Amino acid sequence: MLILDLLQTVLLWKAQLVNYLPATHPGSAVGGSECSVDSIKSLLPAGSKVLYASHYQADATFTPPPEHNAGAWRASSFVLPRSACVFQANLTLPGDTQHSVGVVLPDDWNGRFMTAGNGGFSGSVSWGSVIDAAWYGFAAISTNTGHESSGAEWAYHNEEALKNWGYRAMHNAVVNGKSLTESYYGKDISYSYYRGCSAGGKQGLKEAELEILDFDGVIVGAPAWHTSRLQLWNMIVGIWNSPADAPHHLSNEHLDILAKEVIRQCDAQDGVEDNMVMDPYACDFRPEELLCADDVTETSTCLNPQQVKTVHKLHNDWVEDGEYIFPHLTMSSEYDWRGLVAAPANLGTDYVKWMLQLGGNWTWQDWSPDLIKLSDELNPGNATADNYDLSPFYNKGGKIIHYHGWSDWSIPTGSSIYFYDQVTAALQPQGIDLDDFYRFFLVPGMGHCAGTSDLMKAPWVIAGDGQSSRLGKDGSVHSVPGYEDAQHDVVLAMMNWVENGTSPSELIATKFADDKDPRQGVYRQRPLCVHPAQAHYKGTGDVNAADSWECKKL
Ligand SMILES: *[C@@H]1O[C@H](CO)[C@@H](O)[C@H](O)[C@H]1NC(C)=O
Ligand SMILES: *[C@@H]1O[C@H](CO)[C@@H](O)[C@H](O)[C@H]1NC(C)=O
Ligand SMILES: *[C@@H]1O[C@H](CO)[C@@H](O)[C@H](O)[C@H]1NC(C)=O
Ligand SMILES: *[C@@H]1O[C@H](CO)[C@@H](O)[C@H](O)[C@H]1NC(C)=O
C-alpha cells in the first residue's frame, strides 16, 4: 500500500515536472562558451578575477573551496541537481573594492535568471540557494556583498564596504550576472527573478525600491528591512534578559515551559485544537499562569514575578520615552528564543562596534538609547529598505511575493506587517491596489524563514529561500517533494504570476512527517492566505488537509 502510494507520488512528480522543467538536451551543447576560467573571464568586465570554473555532472558533489568561502556558515557540500557549469569570480566595485559572486549555469537552461539573497551580515556566497535554483533550471547567482565574514569588523572606517553591503554589490552582481548568462548561452534571458529570506528579504525589497529593472519577480521572506532598528533590537532583547544570574533572567528551561504554556493558552482560541496558533495577535496570553507558588523551591518549572516582567517586555513593542522603536516577538515564537535572549547578540554588538563605528572596545554594558538616533541618522550603507513608495516597480510590471513566519523568533513578524501597511499607505492614495502586484502571506507556526517547533508541527515548506537545506539529509531535496506546482512552491507561483498573469490567491504550506526524509509523506498541509485574509477551518473534514480550510477576511 505504502509502496504503491510512493510510486504514485513519484509518477505524479514526473508528470508535474514536465510542465516546469526545461527539456534536456543530450550532450548539453551550450551557446558558444565553455566552462573554463579563461572562457568565463572573457564574459566578465575587465579587472574581474575568475577564481575557479568547473563543469559538474548531475548528482556530482560541489564543495565550495574554503579559501574563497571563508565566511560561509552553511553546509559546505552540495549535490548538483543537474549538470552545470559552476564558478566563482571577483568583480570590481568603486573605491578599489571587490565582491565575490558564485554562479551556476545549467546545461539544460530554462532561459531564466535567478538571484539569491544572503543571511546575517551577508558575508558569503549563498551556494545552497544558487544550487537549489539550478534544480528549476535557472542560471543562478549569489554575491558575498564584498566581504567574507560572519561578523562586521570589515565595516569599520570603510564607507565603500558598507555601500557594497547595503545595496551596491547586489545590483552589480545582477547586472553582470545577466550579461554573462546571455553571452554564455548566446541567448537573451526571458525572465529575471529574485529569492531571499532574512537579510536576503531586505536585499530583495531594496532592489525593488532602488533598481526596478533588475527583476520581474521578487520573492521576499522575513525581510530584515528595518536594518537600523532591527540590529539594535537583536541586542536589546538579550540585554533585557541579562545577566544570566539576575532574578529576572529566563533560562532555557523557563523558555521551554513558556513555549508550552503559550500553545496551551492560545491554541484553542482560534477555534481548532491542533497545537497551532493561527493568529498570534488574537491570543490573549497570561504568563502569570506560570507564577511559582510561595512554597516552591525548584523554580525552573515556574516563573518568579521579575521573570514574568521579562516575558511581558519580550511580548510587547520596544518603546523608548513613549516612542515606538520596534515590534515585539509573537506568541508561539518562544520555542526558539534561547539563541536570541541568552546574551546580547553579535548581530547587535558587531553592528554598534563596526557599523555605527563605536569601535572594538564598546560592550553592551555601554548601551544607551541615544544609539537609536545615531543608527537612524547613520543608516550604515543605506541598507534600510524603507522607501515604501513601490509605484515605480509596480508601474514597470514587477511582482512581489512576501512571506513571514508567524512564529519568527529572529525578526518579529510585526516588522513585515508594518512594512506592508506603510506600502499600502503610500500606494492606495495613488489608486494602486496592492494585490495587483504585491502579495503578502503570513505563515502560522513557521519560525525564521524555515522550520517549526516539535510541538506545533506547523506546515512551513513552500520552497522559500533556504528551506531546501532543511529537508532531506544531503542537500538533494528541492522544491516541495511531491507537490512541485504553483500552488505549493512559491518559485513556481511567482513564475506563473509573472509569465502567465495568474496571481497566487493562496499558497499551500506543507509539513512533512519527517523533514529529513520527505518521502515518508506529509503530516499536514494548510492554505496560506493573502494578507489580511486568514485560513479558517470549514468545520468539517480532516484539520490536517488543506481543503478543510478556506481563506476569509474577517
Ligand atoms: C575576492 O573578494 C573577497 C571579498 O569579497 C576577498 O575576501 C578575496 O580575498 C578576493 N579574492 C581574491 C583572489 O582576490
Ligand atoms: C581599545 O582601547 C585601547 C586602550 O584604550 C586602545 O589602545 C585601542 O585602540 C582601542 N581599540 C579600538 C578598536 O578602538
Ligand atoms: C537609499 O535607499 C533608498 C531606497 O531604499 C533610496 O530611495 C535612497 O535614495 C537612497 N539614499 C541614498 C542617499 O543613496
Ligand atoms: C503557464 O500556463 C501554462 C498553461 O496552464 C502552464 O503549462 C505553464 O507551466 C505556465 N507557466 C508557468 C511559468 O507557470
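Order of listing sets the numbers, starting from 1, for every ligand and every atom in it. Since we're looking at a predicted model, the values are computed, not measured.
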Peer 1: Return the option from Val101, Val125, Asn90 holding the heavy atom at the smallest distance from atom 12 (C) of ligand 1.
Peer 2: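 Among Val101, Val125, Asn90, the closest heavy atom to atom 12 (C) of ligand 1 comes from Asn90.
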
Peer 1: Does the pair Lys373/Glu377 count as a salt bridge with the N-to-O cut at 4.0 Å?
Peer 2: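 Looking at Lys373 and Glu377, the cut-off is met.
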
Peer 1: For atom 5 (O) of ligand 1, which of Thr145, Asn69, Asn144 has the closest heavy atom?
Peer 2: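 The option holding the nearest heavy atom is Asn144.
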
Peer 1: Angle between ring planes, His531 versus Tyr420, binned at 30° and 60°: parallel, tilted or perpendicular?
Peer 2: perpendicular

Peer 1: Heavy atoms of the protein only: does one fall short of 4.0 Å from atom 9 (O) of ligand 1?
Peer 2: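 Under 4.0 Å from atom 9 (O) of ligand 1, zero protein heavy atoms found.
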
Peer 1: Any nitrogen or oxygen of Arg112, side chain or backbone, less than 3.5 Å from one on ligand 4?
Peer 2: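 Not met; the criterion fails.
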
Peer 1: Between the side chains of His147 and Asn164, does any donor sit under 3.5 Å from an acceptor?
Peer 2: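 No - no donor-acceptor pair under 3.5 Å links their side chains.
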
Peer 1: Could you list which atoms of ligand 2 come closer than 4.0 Å to a heavy atom of Gly360?
Peer 2: 13 (C)

Peer 1: At a non-hydrogen distance cut-off of under 4.0 Å, which region of Asn496 contacts ligand 4 (side chain, backbone, both, or neither)?
Peer 2: both

Peer 1: Any idea which atoms of ligand 2 are less than 4.0 Å away from a heavy-atom of Asn361?
Peer 2: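 Heavy-atom distances to Asn361 below 4.0 Å select 1 (C), 2 (O), 3 (C), 8 (C), 10 (C), 11 (N), 12 (C), 14 (O).
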
Peer 1: Do any nitrogen or oxygen atoms of Lys49 lie less than 3.5 angstrom from nitrogen or oxygen atoms of ligand 1?
Peer 2: yes

Peer 1: So is there a nitrogen or oxygen of Glu499 less than 3.5 Å from a nitrogen or oxygen in ligand 4?
Peer 2: no

Peer 1: Which option, Ser149, Ser100, Gly146, owns the non-hydrogen atom nearest atom 4 (C) of ligand 1?
Peer 2: Gly146

Peer 1: Taking the side chain as every heavy atom from C-beta outward, state whether Tyr56 and Val79 have any pair of such atoms under 4.5 Å apart.
Peer 2: no

Peer 1: Whether the side chain of Gln98 engages the backbone of Gly47 through a donor-acceptor N/O pair (distance < 3.5 Å, no angle test) should be reported.
Peer 2: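 Not confirmed, Gln98 side chain does not pair with Gly47 backbone.
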
Peer 1: Does an N or O from His68, backbone or side chain, lie closer than 3.5 Å to an N or O of ligand 1?
Peer 2: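 For ligand 1, there is no N or O atom that lies under 3.5 Å from one belonging to His68.
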
Peer 1: For ligand 1, which is the ligand I care about here, please tell me if His99 has any N or O atom under 3.5 Å from one of the ligand's N or O atoms.
Peer 2: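 No - when backbone and side-chain N and O of His99 are compared with those of ligand 1, no distance drops under 3.5 Å.
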
Peer 1: Indicate, as side chain, backbone, both or neither, the part of His147 found under 4.0 angstrom from ligand 1 when only non-hydrogen atoms are considered.
Peer 2: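 His147 to ligand 1: backbone contact only, side chain stays beyond 4.0 Å.
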
Peer 1: Quick one: sort the His402 and Tyr438 rings into parallel, tilted or perpendicular, breaks at 30° and 60°.
Peer 2: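 Rings of His402 and Tyr438: parallel, as their planes differ by under 30°.
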
Peer 1: Is it the case that Tyr136 and Asp489 place a side-chain donor and acceptor less than 3.5 Å from each other?
Peer 2: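 Yes.
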
Peer 1: Quick check on atom 2 (O) of ligand 2 - does any protein heavy atom sit closer than 4.0 Å to it?
Peer 2: yes

Peer 1: Parallel, tilted or perpendicular: which describes the rings of Tyr52 and Phe62, with under 30° parallel and over 60° perpendicular?
Peer 2: tilted

Peer 1: Treating Gln203 as the side-chain partner and Asn118 as the backbone partner, does any N or O pair qualify as donor plus acceptor under 3.5 Å?
Peer 2: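 Answer holds: yes.
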
Peer 1: Please check if the side chain of Ser192 supplies one atom and the backbone of Asp214 the other of a donor-acceptor pair under 3.5 Å.
Peer 2: yes

Peer 1: Write out the residue and atom name of the closest protein heavy atom to atom 13 (C) of ligand 1, then the distance separating them to 0.1 Å.
Peer 2: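 Of the protein heavy atoms, Leu51 CD2, 3.6 Å lies nearest.
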
Peer 1: Could you find the nearest protein heavy atom to atom 7 (O) of ligand 1 and give me its residue, atom name and distance?
Peer 2: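 Ranking protein heavy atoms by distance from atom 7 (O) of ligand 1, first comes Glu148 CG, 4.3 Å.
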
